[in-house]
Amino acid sequence: MAATDFGYLTPETLSLFTDRYELTMMQGYYAQDHDPTATFDLFFRDLPPGRGYMLAAGLEQAVHFAETLSFGDRALRYLEDEGFDADFLEYLADLSFTGDVRALPEGTPVFPNEPLLEVTAPISQAQLLETVLINQVGFQSLVATKAARMRDTVDRYGDDQSLVDFGSRRAHGTDAGMKAARAAYIGGFDGTSNMAAGEALGVPTFGTMAHSWIQSFETERAAFEAFLAEFGEDAILLVDTYDTVAGAETARAVADEMGVDLAGVRLDSGDLTALSKTVDDRLGDVDVYISSGVDEYTIRDFLTEGGVAAGFGPGTALVTSTDAPKVEGVYKLVAVERDGEMVPSMKLSTGKVTYPGAKSVCRVEEDGTYTSDTLELRSAADDVPGTDLLETVVEDGEVVYDVPSLDDLRARARENLTKLPPGVRELDSPDDYEVRVGDALGAETDALSDRLERMVAGE
């Protein structure tokens with residue numbers, strides 16, 4: 001049975017990764033001959049609990065979707081079965097993205113209301129992208145931020161310990177596991193255990209052994225002997241299957257008897273801080289690796305309490321961002337063409353008011369530290385101090401930026417995070433980072449809000 005029979009996305013059906021109302025509106029736009037140019041912003045309304053920043057990620061996948069947007073025969077047959085009009089389906093058969101995209105580079109810290117992406121295109125095209133853009137950018141930014149917090153914790157309290165993603169098995173699906181591995185690497189991880197992410201994305205892969213290897217042999221000693229015979233000095237032995245300290249001593253004894261310099265041992269249960277000290281005392285020059293329930297908080301406690309480790313293997317907490325498992329990414333219309341001109345637009349919905357117009361995010365850096373951002377109308381950004389962070393990545397439907405390597409993205413994220421004020425990066429009760437609303441944007445927001453309120457009142 002082919003993979004597609006299980007409902008997996010294919011190039012022919014990827015355009016269907018959208019909510020039905022997007023296609024319903026598209027058919028309406030087409031039928032009414034109403035397809036004005038529109039600008040949409042993708043942004044986070046608020047930061048997740050406990051976060052002082054978010055780290056932008058997922059742009060490469062978002063751009064790829066826009067660049068390759070098309071409706072294959074399988075997608076069109078499905079839409080026909082769902083009752084969409086034949087004329088509209090003919091239109092979709094020739095559809096491609098012809099608009100522009102401006103974006104924050106991946107690895108850039110971002111704050112509420114700042115656009116991560118700005119899409120300008122015929123409204124039918126821009127509308128269709130909403131679901132997939134929020135999906136790709138929101139999830140990867142969430143995981144990249146979680147990873148960055150762990151890397152920052154190691155930088156603050158540790159000694160350059162490695163961080164490897166062990167979370168694929170607990171991710172919410174195979175695609176989530178792949179994207180989590182990518183995002184974690186951007187956020188500062190050293191690699192992943194996921195071989196598919198290694199092959200497809202170029203993320204370095206690492207691994208040790210499972211308890212089942214130990215249990216499949218008659219004795220722990222026999223299991224270690226077999227593993228060392230096969231993998232030699234590359235072997236990292238899991239020593240807590242029966243008794244951690246006894247297992248570590250057996251590992252050392254077997255390695256010495258076989259004349260192998262043991263690469264390391266892994267601890268996966270118990271009081272990891274106390275056990276790491278004991279194992280280090282018994283093994284001396286052998287690296288200790290820690291897994292099981294690892295996140296930025298346990299890493300901080302482990303290191304501040306004197307735990308000994310050469311590296312950590314976070315899993316579930318990383319790929320599900322357990323303490324803050326969602327971020328409210330939204331995609332809102334901010335300008336629309338009327339009578340040949342782009343006119344700012346906004347919502348007045350309670351609790352969901354938006355800022356109108358195409359925007360710039362201008363970031364000020366002083367003495368190697370980011371001090372504030374200004375959210376301003378793009379047309380007025382030249383009068384605002386700081387560097388405009390949004391870059392054109394797609395123009396007239398064509399990708400116009402050089403897609404960075406993952407290593408470059410990882411280095412960029414690391415540099416950017418070191419420039420954030422330390423208080424903004426705190427794990428507990430982080431400081432607020434200053435984001436100002438520019439004068440022109442503030443005035444436009446007030447004026448448009450007033451006009452809309454008068455329109456609602458019938459004035």
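Keep in mind it's a predicted model, so treat the numbers as computed, not measured.
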Check: [Y] and [X] side chains under 4.5 Å, non-hydrogen atoms:
| X | Y | result |
| --- | --- | --- |
| L238 | T208 | no |
| V265 | I236 | no |
| R156 | P422 | yes |
| Q136 | F65 | no |

Interatomic distance, E130 atom CD to L333 atom CG [nearest 0.5 angstrom]: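 Going from CD on E130 over to CG on L333, the span is 10.5 Å.
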Distance (rounded to the nearest 0.5 Å) between L406 CG and I186 CD1: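 Here the interatomic distance stands at 5.5 Å.
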Looking at [Y], is its backbone amide N or carbonyl O close enough to the side chain of [X] to form a donor-acceptor pair, meaning the two atoms are under 3.5 Å apart?
| X | Y | value |
| --- | --- | --- |
| Q125 | P122 | no |
| S141 | A57 | yes |
| R300 | T153 | no |
| D41 | P115 | no |
| Q161 | V154 | no |
| E296 | K146 | no |
| S276 | A309 | no |
| E12 | G72 | no |

Cation-pi geometry met for R363 and Y370 (6.0 Å, 45°):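 That pair qualifies as a cation-pi contact.
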Cation-pi, Y289 ring and R266 (6.0 angstrom, 45 degrees):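 Verdict for Y289: no cation-pi partner in R266.
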side-chain contact (heavy atoms from CB on, under 4.5 Å) between V137 and L117, intermediate numbers included: CA-CA 9 Å; V137 172; L117 292 176; 4.0 Å; yes
Would you kindly say whether [X] and [Y] are connected by a side-chain donor-acceptor distance under 3.5 Å?
| X | Y | value |
| --- | --- | --- |
| R149 | Y297 | yes |
| S291 | D268 | yes |
| T13 | Y78 | no |

Exceeds 12 heavy-atom contacts within 6.0 angstrom, atom [atom1] of [X]:
| X | atom1 | answer |
| --- | --- | --- |
| Y355 | OH | no |
| D402 | CG | no |
| D439 | CG | no |
| H64 | NE2 | no |
| D432 | CG | no |
| R169 | CZ | no |
| E82 | CD | yes |

L79 vs F88, side-chain contact (heavy atoms from CB on, under 4.5 Å): CA-CA, chis, key distance, verdict: CA-CA 10 Å; L79 293 176; F88 174 59; 5.6 Å; no
Qualifying residue for side chain to side chain contact (heavy atoms under 4.5 Å, CB included) with L59, from V403, T108, V393: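 Only one of V403, T108, V393 forms a side chain to side chain contact (heavy atoms under 4.5 Å, CB included) with L59, namely V393.
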Partner set under salt bridge (Lys or Arg N to Asp or Glu O under 4.0 Å) for D295, not counting sequence neighbours: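 Salt bridge (Lys or Arg N to Asp or Glu O under 4.0 Å) list for D295, sorted by chain: empty.
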Ring pair (Phe, Tyr, Trp, His ring centres under 6.0 Å) involving F40 - partner list, sequence neighbours excluded: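 Counting only residues at least two positions away or on another chain, F40 forms a ring pair (Phe, Tyr, Trp, His ring centres under 6.0 Å) with Y331.
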Pair R151-D190, salt bridge (Lys or Arg N to Asp or Glu O under 4.0 Å): steps then yes or no: CA-CA 10 Å; R151 173 50 64 193; D190 297 281; 2.9 Å; yes
Derivation of the salt bridge (Lys or Arg N to Asp or Glu O under 4.0 Å) call for R454 and D450: CA-CA 6 Å; R454 286 189 282 107; D450 182 64; 3.1 Å; yes
